[in-house]
Amino acid sequence: MTAPMTTPLRPPEADDVAVPERPWVVIVWNDPVNLMQYVTFVFQKLFGYPKAKAEKLMMEVHEEGRSVVASGTREKCELDVFRLHEHGLWATTQHDE
Amino acid sequence: MRGRLVTRLDPGRFRLVLDDDPRDLIESLGPQLSDVLMSGDSELTARLFPPAYPDDDEREAEFRRLMGDDLLAKRFDDLDQLRAAAESESMTTDELESFLRAVNSVRLVLSSVIGIETEEDAHEPYELEDDDAVPRIVYEWLSALLADGIWALELD
């Protein structure tokens with residue numbers, strides 16, 4: 001009598017494993033109009049950052065030309081960009097580099 | 001000494017320390033900003049509706065489709081505060097924040113009128129006879145108003 005045929009264990013396919021979405025980041029860009037204290041205030045208000053952190057991010061925008069101020073899913077980052085635009089700041093979103 | 005243009009009366013209650021003429025100016029900015037928003041003049045409104053995805057036309061179009069109307073609506077809500085603030089004796093925290101967003105929106109439009117592209121442009125000296133003297137004077141005054149508004153909010 002021959003042994004019953006058994007299906008070999010199927011190795012997991014790459015797309016069976018849940019791949020977490022690469023995080024997105026929110027970038028605020030420097031501009032010649034917005035006041036430094038206003039930008040600091042907006043970061044505190046929108047993201048709940050303590051003043052020291054908000055100031056540090058603001059100074060990065062001012063001195064480096066841009067800063068990553070938040071991250072998350074694309075949907076969350078788009079909403080952050082919307083709220084920043086509402087306050088007159090220039091923000092964009094992209095995949096984390 | 002020059003006093004602050006915005007003070008805090010009580011926690012959560014603020015006042016514009018302005019005489020009638022500056023109040024009239026503030027009030028006049030509302031309809032002007034409204035006209036600019038309605039005109040669809042992309043040069044004047046570019047800074048009010050910047051791109052979210054500068055390198056991805058498809059995502060940008062989707063963002064504008066989903067969020068564009070809301071952003072415009074919020075700008076109109078905020079500019080209502082220009083008249084409300086000019087006419088009232090006091091404002092709540094939310095009203096002051098809305099007012100300051102509107103003031104900042106006017107500054108962003110004025111920066112396009114004046115042609116402020118760099119920080120040096122913002123500090124360029126001008127004569128009172130220059131064509132852009134009036135927008136520059138208003139821009140600088142609104143900057144002081146915004147700064148004093150932030151100062152008052154931080155007292156809370």
Side-chain angles (χ1 to χ4, degrees), chain A residues 21-22 24-46 48-52 54-55 58-59 61-66 68-97, chain B residues 46-56 59-60 62-64 66-68 70-75 77-78 93-94 97-98 100-112 114-124 139 142-154 156:
Chain A
E21 197 193 320
R22 271 166 61 212
W24 287 70
V25 292
V26 178
I27 300 174
V28 169
W29 300 85
N30 195 21
D31 73 80
V33 177
N34 280 299
L35 301 179
M36 288 164 72
Q37 63 271 56
Y38 179 76
V39 174
T40 301
F41 169 77
V42 170
F43 289 167
Q44 286 175 266
K45 181 186 166 195
L46 294 190
Y49 296 149
K51 186 159 186 183
E55 251 170 15
M58 176 278 293
M59 285 310 294
V61 173
H62 181 66
E63 290 175 346
E64 313 289 328
R66 48 166 274 176
V68 172
V69 300
S71 65
T73 63
R74 186 167 80 85
E75 289 71 27
K76 186 249 183 204
C77 288
E78 264 195 9
L79 187 54
D80 287 342
V81 164
F82 173 80
R83 295 188 306 152
L84 287 160
H85 287 186
E86 192 198 345
H87 285 77
L89 273 62
W90 181 24
T92 60
T93 182
Q94 62 186 56
H95 272 308
D96 201 359
E97 276 150 12
Chain B
R47 289 204 162 118
L48 296 179
F49 302 99
Y53 296 97
D55 302 320
D56 189 333
R59 284 216 156 107
E60 179 64 20
E62 181 69 6
F63 179 81
R64 297 254 168 183
L66 286 173
M67 313 277 204
D70 281 347
L71 189 53
L72 187 59
K74 285 204 181 283
R75 293 237 132 83
D77 283 346
D78 287 340
T93 304
D94 283 350
E97 287 180 3
S98 177
L100 293 178
R101 282 196 297 272
V103 165
N104 202 40
S105 292
V106 175
R107 290 180 68 249
L108 287 164
V109 171
L110 283 174
S111 76
S112 298
I114 296 162
I116 294 175
E117 301 287 328
T118 67
E119 279 168 46
E120 292 72 38
D121 289 342
H123 301 301
E124 212 175 274
Y139 178 82
L142 291 177
S143 304
L145 182 60
L146 180 55
D148 285 355
I150 296 297
W151 171 84
L153 282 172
E154 289 180 340
D156 244 10

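All chains are named by letter (A, B, ...) in the order of the sequence lines, taking the proteins before the strands, and each is independently numbered beginning at 1.
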Rounded to the nearest 0.5 Å, how far does OH of A/Y38 lie from CG of B/L146?
6.5 Å
Working to the nearest 0.5 Å, report the span between CG of B/L153 and CD of A/Q37.
11.5 Å
Heavy-atom closest pair, residues [X] and [Y]:
X     : Y     : value
B/R75 : A/E86 : NH2-O, 3.5 Å
A/T92 : B/P54 : CG2-CD, 3.6 Å
A/P32 : B/R47 : CG-NH2, 3.8 Å
A/W90 : B/P50 : CD1-CB, 3.2 Å

Answer with side chain, backbone, both or neither: which region of [X] has an atom nearer than 4.5 Å to a non-hydrogen atom of chain A?
X      : result
B/D70  : both
B/S105 : neither
B/I150 : side chain
B/F49  : neither

Between the main-chain N or O of A/V33 and the side-chain N or O of B/R107, is there a donor-acceptor pair closer than 3.5 Å?
yes
Just wondering, do [Y] and [X] contact through their side chains at under 4.5 Å, heavy atoms?
X     : Y      : answer
A/R74 : B/R59  : yes
A/T93 : B/F63  : no
A/H62 : B/E119 : yes
B/E97 : A/F41  : yes

At a heavy-atom separation under 4.5 Å, does A/L84 approach chain B through its side chain, its backbone, both, or neither?
neither
Between A/Q94 and chain B, with a heavy-atom cut-off of 4.5 Å, which part of the residue counts as in contact: side chain, backbone, both or neither?
neither
Highest number of heavy-atom pairs under 4.5 Å with chain B among A/E78, A/K45, A/R83 belongs to A/E78
side-chain contact (heavy atoms from CB on, under 4.5 Å), that's the test. Do A/K51 and B/E154 meet it? Break it down for me.
CA-CA 10 Å; A/K51 186 159 186 183; B/E154 289 180 340; 3.5 Å; yes
